[in-house]
Amino acid sequence: MGHGAGKVILFGEHAVVYGEPALAAALSRGARAEATGDAGALTVLPWGTRVTLDEPGEGPAEPASDDRAALLARAYRALVAEYAAAARGVGVRATMEIPGGAGLGGSAALGVAVVRALDEALGLAREPAEVAALSLAWERVFHGNPSGVDSAMAAACGVALFVKGRGLEPVRLARPLHLAVAHSGEYGSTKVTVASVAAQREREPARVGAVLTAIGRLATAARAALEAGRLEELGRLMGENHALLAGLGLSTARLDALCEAALAAGALGAKLTGGGGGGCMIALGRDAAGAEAVCAALRERDPSAFVVEVAT
Ligand code: PMV
């Protein structure tokens, strides 16, 4: 049984694509996968999607559509191509424990779980960083130009600072964090939002460059606040990060409303997490009880909102 962790980005999404640091926390929820005898097939539950190495979309033209089955088939083919031919004789059955398109790193968690299931079936042993590097072949199909933060976190645990090309640096927290996580109900495509930031950066390099640098500075300041247990400061920095992301058009009215509801319920800070354009937001509680109170308020808008404790 292979596991890949979901993650929340605490600080630095999007700027991380351009080399700025990001802070992320691994979730205990993610994706699980096991090898089966259904050679060359990948089945993903609860979606009930089954794709094979030979279809759909096999041939000179890749499928133009972004539909999930076509993406899964392409990603699985890209991953299996990294292995020796024996991998074609293995089947994989996976189960998602988090939603996709939510900013929780679902596709990376699935990719890492699939790598671990294939590795186990083929008797291969790899370090987490190698698993993450291999699963990038999968993640590129979903994200186009991934920084690698999702894949690295999917193979890891705890909180870490991530810099593209350098990998993860574990961060020790002075105290655990209690976060409420809620979904806007809107599907956010990270591929689309990453492309939108790239287009804005091309049009207005000075403005967008300054925003990305400012986001990187917030991630650095947040790391120090985490290590010292300064939660109020952390909350304030989250609000600043959200405002900068919103300035790049990455928030939505529903994400903003969730953040406002969280702050009204006593959250120390709130922000969108992940690619944006929909998907999830996170809110920092003063403590466990505070996060539960925030979560109760968020459940009025998203009944599936949940609390995670992040500790190292
Ligand atoms: O939406 P998610 O969970 O895949 O988060 C992606 C994070 C980005 O910084 C927006 C993209 C990336 O590749 O780092």
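Below, each value reflects all heavy atoms present in this structure, side chains not excepted, and no hydrogens, waters or symmetry copies. Ligands are counted one by one from 1 in listed order, and the atoms in each one are counted from 1 as well.
- Listed by atom number, the atoms of ligand 1 under 4.0 Å from His143 heavy atoms are 4 (O).
- Put simply, CG on Leu42 and OG1 on Thr49 are 9.0 Å apart, with the number rounded to the nearest 0.5 Å.
- For the pair Gly275 and Thr193, the tightest heavy-atom approach, listed with the atom from each and the gap, is O-OG1, 3.0 Å.
- The N/O atoms of Val17, backbone and side chain alike, include none that comes under 3.5 Å of an N/O atom in ligand 1.
- In summary, Glu240 and Lys271 do not engage in a salt bridge, as defined by a charged side-chain N under 4.0 Å from a carboxylate O.
- Protein heavy atom in closest approach to atom 3 (O) of ligand 1: Lys7 NZ, 2.6 Å.
- Arg236 and Glu232 are not joined by a salt bridge, as no carboxylate oxygen comes within less than 4.0 angstrom of a charged side-chain nitrogen.
- Looking only at heavy atoms of the protein, atom 13 (O) of ligand 1 is closest to Ser147 N, 2.8 Å.
- When each atom of ligand 1 is checked for a heavy atom of Gly103 under 4.0 Å away, the hits are 1 (O), 2 (P), 3 (O).
- The shortest N or O to N or O distance between Val16 and ligand 1 is not below 3.5 Å.
- Nearest protein neighbour of atom 7 (C) of ligand 1, counting heavy atoms only, is Ile9 CD1, 3.6 Å.
- Close approach to Glu13 involves these atoms of ligand 1, each under 4.0 Å from a residue heavy atom: 9 (O).
- No hydrogens or angles considered: nothing links the side chains of Ser151 and Glu139 as a donor-acceptor pair under 3.5 Å.
- Heavy-atom contacts of Val149 reach the following atoms of ligand 1: 14 (O) (cutoff under 4.0 Å).
- Residues Ala180 and Val294 come closest through the heavy atom pair CB-CG1, 4.0 Å.
- Here the heavy atom of the protein found nearest to atom 8 (C) of ligand 1 is His14 N, 3.9 Å.
- Of the protein's non-hydrogen atoms, Thr190 OG1, 2.6 Å is the one closest to atom 1 (O) of ligand 1.
- The Leu104 neighbourhood of ligand 1 comprises atoms 3 (O), with distances under 4.0 Å to a heavy atom of that residue.
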Taking it one step at a time, do Val194 and His14 satisfy side chain to side chain contact (heavy atoms under 4.5 Å, CB included)? CA-CA 7 Å; Val194 167; His14 287 284; 3.8 Å; yes
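- The two residues Leu23 and Val171 have their closest heavy-atom pair at CD2-CG2, 3.9 Å.
- Of all the heavy atoms in Gly277 and Leu255, the pair that sits closest is N-CD1, 4.4 Å.
- Short contacts between ligand 1 and Gly105, defined as distances under 4.0 Å to a heavy atom of the residue, involve ligand atoms 3 (O).
- Looking at Asp150 next to ligand 1, an N or O pair under 3.5 Å apart turns up.
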